[in-house]
Amino acid sequence: MSLDSLNDFITALDAAGELRRITAPVRVHLEITEIADRVSKQPGGGPALLFEHPVLRDGSRSAYPVAINLFGSMRRMALALGVTDLDAIGWRITELLDLKVPEGFLGKLSLLPRLLEVAKFPPRIKSGTPPCQEVVWRGDEIDLDRIPVLTCWPEDGGPYITLTMVISKDPVRGIRNIGMYRVQQLDKRSVAMHWQRHKTGAEHMRQMAERGEKMPVCIAIGADPASMYSASAPLPPNIDEFLFAGFLRRDPVKLAKAVTCDLEVPADADFVIEGYIDPAESLVTEGPFGDHTGFYSEADLYPKVHVTAVTMRRNPVYATTIVGRPPMEDFYLGHATERIFLPLLKLTTPEIVDYHMPAEGGFHNLVFVSIDKKYPGHADKVMHALWGQGLMSLAKVLVVVDKDVDVRNVTEAWWITLNNIDPERDVRFTMGPVDVLDHASRAFTYGSKMGIDATRKWPEEGFTRAWPRVIGMDETTRARIDALWPSLGLG
Ligand SMILES: Cc1cc2nc3c(=O)[nH]c(=O)nc-3n(C[C@H](O)[C@H](O)[C@H](O)COP(=O)(O)O)c2cc1C
């Protein structure tokens, strides 16, 4: 079944036994968070939740249900992207990138279907009234208080819209960007836009400020799950996330013209908040916010979005997420990115065999990477290559191990690392940009990084002692015990 909308996704989750409906009235102020937090700490991430009767901050019943933890397990994340194994998407990308032209006429012809497949993905503009504009609020009708926006944690600066697709355009090249950036509701008709300085939306705003123009921006909530995920994917700024979502879905994303801004939005979105930022206006205080590091991030200054329209489906569901002490739903979104982007990392750093960002590291704090070591200093080369690429440049601790280490098994990765290092020899420190959310760095978004070379050391690297072998049983004994095992009653 193709998942063209949030409603399709929820129906598919229900059919797969992955959804629990909560009929009890539950407040959007803190209570939904407390339930979702407990559920996401269950083994494997717990079920997705649909709150059918959320209670708004003024005590009234919300007209719209709240869906949360939709992507919060390996199975649901794969289901959202139409695969059974997230690595399958990486393999598809590897095939596409393998553009070595085959020998002979027939060989060359065999490339055609692959190239045509790519041509099918660009988003299409739908004519007529799209589902996302079945209901339109303009002017005085606009009232964000009627949407069940969660106040997530007790010390948060206000209610936050979290599972967003923030749409903006590069004013020079016209390339669209969709980013998952939280927005803080300020009042009935304005929000603060939390795009961090390293993100594409923030770059678009810098460009608009230089031109002295107002910036149109749309915040879509709920759509086909591939588009929802793609907003969180760290694609290079010249790739439209809706094109990427079309590739993931194997079907183009349908877009519609926004009603009050010159932007296109997902035609099947549940809600779209349309508006503009005036770069000439003072920034506003955004935060504090209970963040995905598990700590509150401090309040800071961000641009205000003036809402010019809210459009929605006739029966929309408000999709949201919470972040906090890991693991939470965002771990699974990040995990999809980790798997999907492996071939892209390999394109520039082919010696990478695999990598993994454990939940405790919240993406930027810890990256394990295994390499096919070919020469002395190879681990250092890979560390610097990664610190030079996109958002990987924000990685605080990078640990490099040999190719035979399973980096997705964090216990194994630490076991090998801690055994293999001579700390003074193998730990490197360098400086660079760090994540906006890093509260320990000496300066905001600037600090040190640590690289650990946990590969086997070579004589050419000055290591002249013998390197020990990992303990393992011989094959003959293993086979004998395999045969005996069922009769031993040991499980
Ligand atoms: C649940 C969730 C919330 C996020 N919130 C923010 C945010 O508030 N600000 C931000 O800059 N990035 C946030 N991110 C990370 C961005 O979505 C991510 O870096 C994405 O690649 C940005 O898109 P861009 O490369 O088009 O800028 C969040 C990610 C997730 C999964």
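In listed order, ligands and their atoms are each counted from 1. Note that the structure is a prediction, hence the values are computed from the model and not measured.
Ring geometry for Phe247 against Phe244 counts as parallel: the plane angle stays under 30°, on a 0 to 90° scale with 60° as the upper cut. Ring pair Trp414/Phe368 is perpendicular by interplanar angle, where above 60° counts as perpendicular and below 30° as parallel. The aromatic rings of His306 and Tyr276 sit parallel, their planes meeting at an angle under 30°, below the 60° perpendicular limit. His335 and His356 have perpendicular rings, their planes meeting at more than 60° on a 0 to 90° scale where under 30° would count as parallel.
With a heavy-atom cut-off of 4.0 Å, His292 does not touch ligand 1 at all. Contacts between Asn177 and ligand 1 below 4.0 angstrom, taking non-hydrogen atoms only, involve the side chain exclusively. Proximity of Leu163 to ligand 1, defined as any heavy-atom pair under 4.0 Å, is not found for any part of the residue.
Heavy-atom proximity to Ala233, at under 4.0 Å, picks out these atoms of ligand 1: 21 (O). For ligand 1, the atoms sitting less than 4.0 Å from at least one non-hydrogen atom of Pro234 are 21 (O), numbered in the order shown with element in parentheses. Within the listing of ligand 1, atoms 1 (C) sit less than 4.0 angstrom from a heavy atom of Thr321. Under a 4.0 Å criterion applied to the non-hydrogen atoms of Glu241, ligand 1 contributes the atoms 26 (O).
The shortest N/O to N/O separation between Gly201 and ligand 1 does not fall below 3.5 Å. Geometrically, ligand 1 and Asp330 share no nitrogen or oxygen pair separated by less than 3.5 Å.
Ring to ring, His364 and His292 are close: their centroids are under 6.0 angstrom apart. Between Phe331 and Phe363, the ring center distance fails the sub-6.0 Å criterion. Less than 6.0 angstrom separates the ring centroid of Phe289 from the ring centroid of Tyr160.
The one candidate from Cys132, Pro131, Pro130 that meets the side-chain contact (heavy atoms from CB on, under 4.5 Å) condition with Asp268 is Pro131.
Residue nearest to atom 27 (O) of ligand 1, selected from Trp195, Tyr332, Phe363, Tyr181: Tyr181 (by heavy-atom distance). When His194, Gln196, Met193 are ranked by how near their heavy atoms come to atom 8 (O) of ligand 1, first place goes to His194.
Nearest approach of Phe121 to Arg92, heavy atoms of both residues: CZ-NH2, 3.6 Å.
Nearest non-hydrogen protein atom to atom 14 (N) of ligand 1 is Met180 O, 3.1 Å. The nearest heavy-atom contact from the protein to atom 25 (O) of ligand 1 is Thr200 OG1, 3.6 Å. Counting protein heavy atoms only, atom 12 (N) of ligand 1 is closest to Lys199 NZ, 3.0 Å. Considering only non-hydrogen protein atoms, atom 18 (C) of ligand 1 sits nearest to Ser232 O, 3.7 Å.
Taking a 4.0 Å cut-off on heavy atoms, Glu203 fails to register as neighbouring ligand 1.
For the atom pair CD of Glu52 and OG1 of Thr23, the computed distance is 6.5 Å after rounding to the nearest 0.5 Å.
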